[in-house]
Amino acid sequence: MNLSWMAWTMPTAVFFLTIAGLLVVMTILAIRFPESPRRGVLRIETTRGDRLFISLLGSAFISLAWLAAFGAPLWGALILCLVYAAAVFRWV
Amino acid sequence: MEKTVNHKAWFLVLPVLVLVAFSAVIPLMTVVNYSVQDTFGNNVFFWAGLEWFQQVLASPRIHDALMRQILFSAIILAIEVPLGIFVALNMPKRGFWASLCLVLMALPLLIPWNVVGTIWQIFGRVDIGLLGHTLAKLGISYNYTANAFDAWVTVIVMDVWHWTSLVALLAYAGLQSIPDAYYQAAKIDQASRWKVFRYIELPKMQGVLLIAILLRFMDSFMIYTEPFVVTGGGPGNATTFLSIDLVKMAIGQFDLGPAAAFSIMYFLVILLISWVFYTVMTNLDKREGI
């Protein structure tokens, strides 16, 4: 199958593979360790999947804000995103 | 008794997954790939990194379009939601007139966007349009092709004409679901009309109104066809909303990289707002369910 029309690059491939990998891990976790929703600081019921979604969406905005404020590279933003994701999984 | 858990049922959603991947996920991935590269055609790409994102984030043109977009969405929500509720409150509750009202209200919703645009484009013209001609005869200077304010008024009135009935129909459905007992209780307590509205009708309409606001917000935030047909984004850039600007950038100038970066940010904003609305709605349902 020729995928050159999709104009793949290494960084975007790594990006999507990471997200796909996260989804696979979440699926395995959901089968091995079933969970029930919980209520966190946002006062809404969230499951692990919800928390992953909040982490990813929030990370996108953190990266954009970093890019607007400090410009490239985004290593600082990546660290900030990981801290944010950890906080989301711990407290939301 | 413990519930049996059978995850095999998930295979039943596989066809949907394939369809969504084909029609949404893979095209979106391609957009992400475009956003970090530059092209001069012929499907040859050059690595550009985060340059387009920086350019779009700092672009005054896009800031202006975003401001216009937010202003437009805010104005049409501020008009359509109260007006829709007002119309719903005054519609007959049952009988022949109720059916007639419902059909009449549904009519504008059935007209395709480009036709609505064309109707208003001609309706507002000073030389042959009824509205434009009448206003000119009354001595009111009105020209939506030359005056930015007139163009805005035309686009907003057109949207109100097209979509207020959606809010009205949803609010009407919410009102119809209120049992008579509530009104009888209010009558016994001699509640005023305002109090009936504030403490019975409004809380009961909350769910459908949230859906109405979500639908109207999303639709107005992505509006393209109607203003494009009426004003083409003009005069100047006065009614160039986000999606009109995006299409200009992607297809008009063939700047695929910046347009891709722009559409990803646009998508993220819409995703965030949809998620907030969805979460609020599902949590409201849960609270009501208790």
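Here is the naming used below: chain letters follow the sequence lines, and residue numbers restart at 1 for every chain.
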Legend entry - Contact class of Val32(B) relative to chain A, heavy atoms under 4.5 angstrom: both

Inset, instruction - Could you tell me the separation between the CG atom of Leu67(A) and the CE atom of Met265(B), rounded to the nearest 0.5 Å? - result: 7.5 Å

Inset, instruction - Any chance you could measure Leu271(B), atom CG, to Phe61(A), atom CZ, to the nearest 0.5 Å? - result: 8.0 Å

Legend entry - Exceeds 12 heavy-atom contacts within 6.0 angstrom, atom OH of Tyr278(B): no

Inset, instruction - Against chain A, label Ile26(B) side chain, backbone, both or neither, depending on which of its atoms sit under 4.5 Å from a heavy atom there. - result: both

Legend entry - For the student: nearest non-hydrogen atoms of Met6(A) and Asn33(B), plus distance: O-ND2, 2.8 Å

Inset, instruction - Evaluate whether atom CH2 of Trp113(B) has more than 12 neighbouring non-hydrogen atoms of other residues, nucleotides or ligands under 6.0 angstrom away. - result: no

Legend entry - Under 4.5 Å from any heavy atom of chain A - which part of Phe45(B): side chain

Inset, instruction - Against chain B, label Leu64(A) side chain, backbone, both or neither, depending on which of its atoms sit under 4.5 Å from a heavy atom there. - result: both

Inset, instruction - Can you tell which part of Pro34(A) gets under 4.5 Å to a heavy atom of chain B, answering side chain, backbone, both or neither? - result: neither

Inset, instruction - Considering non-hydrogen atoms only, spot the tightest contact between Tyr34(B) and Trp5(A) and give its length. - result: OH-O, 4.0 Å

Inset, instruction - Determine yes or no for a side-chain-to-main-chain donor-acceptor pair under 3.5 angstrom, with Asn283(B) supplying the side chain and Ile44(A) the backbone. - result: no

Inset, instruction - Count the heavy atoms belonging to other residues, nucleotides or ligands that lie under 6.0 Å from OH of Tyr266(B), then report whether that count exceeds 12. - result: yes

Legend entry - Within-4.5 Å side-chain heavy-atom neighbours: Phe16(A) and Leu28(B): no

Inset, instruction - Would you mind telling me which of Thr46(A), Leu42(A), Leu57(A) has the largest number of heavy-atom pairs within less than 4.5 Å of chain B? - result: Leu57(A)

Inset, instruction - Of all the heavy-atom pairs spanning Leu268(B) and Ala60(A), show the shortest one and how long it is. - result: CD1-CB, 3.7 Å

Inset, instruction - Output the distance between atom CZ (Phe53(A)) and atom OG1 (Thr279(B)), rounded to the nearest 0.5 Å. - result: 8.0 Å

Legend entry - Which portion of Gln54(B) sits near chain A, non-hydrogen atoms under 4.5 angstrom: both

